Amino acid sequence: MVVVFSVLSMKKDRALREGQRTWLRNAGLGAGFVLAALLLWSSLGAEDDVAEVLAHHGEVLAGRFIEVPCSEDYDSHRRFEGCTPRRCGRGITDSVITREEAERIRSIAEKGLSLGGSDGGASILDLHSGALSVGKHFVNLYRYFGDRIHNVFSEEDFRLYRHVRRKVQLTIADAFGISSSLLHLTKPTFFSRMNSTEARTAHDEYWHAHVDKVTYGSFDYTSLLYLSDYLEDFGGGRFVFMDEGANRTVEPRAGRVSFFTSGSENLHRVEKVHWGTRYAVTIAFTCNPDHGIADPAFT
Ligand SMILES: O=C(O)CCC(=O)C(=O)O
Ligand SMILES: [Fe+2]
């Protein structure tokens, strides 16, 4: 009887231990699975953590304006009353630049950038200074081509840039309630071409979060004119405002103008382009006349 009892209790013990082992193994597997899922989610999620879309690529916006409280960035610079932002925000419009104008501007970008191009994923052409990405460096297109630059760009190209610059300037002045005559075009003003080629130098790393006022100094109002369509011409490459606790995106669309005050109230980044080619042009304004530049022209 005693023997029977002890055999039974040994069996029970073994069953208990096996049960515990199975449970431990399952728990271990489960924890491993959750960890792997978390890792995968965070690696994919880095590009996918979009909380709100301010402008879809498929919609045609007559104009959207979102006010955000100004940062203190403007206090550490000389103030120009009636121009230096007191009211900050961001706006998007598809009704200022036509798709046809965007297409013509894009041809200028394609033409210029076809003369060079970075080895990495981001190339620029600065129409004002003539800087063009070539390989791992930049060349001055105007110096390099001299008079032959007239075979590349036409008066009409510069006229179109000027026309677009003027319309964007009026749009910004109107949205922020300031006089357009107090805004001055500032440098750099450049076309950008981005693709999924791996970066070769720091200049190719266009995806880092930044504040334009810090990066470019003279900027008070930044504008971006998109020259290609998200999900038609390229994937990835959305513009992201990185707000506290939320990411807000602008999906590029040819002819879409996105503009915003350049301080840290508008911290932003561009997602990596996954496929295709993305074209845009950056046109920015300063309130400081000393930082103003003339429209690009043949030099
Ligand atoms: O191309 C864009 O959408 C933004 C580029 C940008 O942030 C910049 O040029 O400072
Ligand atoms: Fe920027």
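Here the structure is a predicted model, which is why all the values come from computation and not from measurement. All ligand and atom numbering here is 1-based and tracks the order in the structure. What's counted below: heavy atoms across the whole structure, side chains too, no hydrogens, waters or symmetry copies.
Two rings, from Phe298 and Phe158, have their centers less than 6.0 Å apart. Between Phe260 and Phe239, a ring centre-to-centre spacing shorter than 6.0 Å is recorded.
Ring pair Tyr216/Phe219 is parallel by interplanar angle, where below 30° counts as parallel and above 60° as perpendicular.
Under the 4.5 Å side-chain criterion, counting only non-hydrogen atoms from C-beta, Arg253 is in contact with Arg99. Asp157 has its side chain within reach of Lys111: a pair of non-hydrogen atoms, C-beta onward, lies under 4.5 Å apart.
Using modelled atom types, one finds a donor on one side chain and an acceptor on the other under 3.5 Å when comparing Tyr161 with Thr189.
Within 4.0 Å of ligand 1, protein heavy atoms belong to Phe190, His210, Asp212, Tyr216, Leu224, Tyr226, Phe239, His268, Val270, Arg278, Thr282, listed by chain and number.
The Fe ion (ligand 2) has His210 NE2, Asp212 OD1, His268 NE2 as protein N, O or S atoms under 2.8 Å away.
Each of Val257, Ile97, Val96 was compared with Val164 under the side chain to side chain contact (heavy atoms under 4.5 Å, CB included) criterion, and only Ile97 meets it.
In terms of modelled atom types and a separation under 3.5 Å, the side chain of Arg193 and the main chain of Ser118 share no donor-acceptor contact. Remark: the backbone N or O of Thr286 is not paired with any side-chain donor or acceptor of Asp220 at under 3.5 angstrom.
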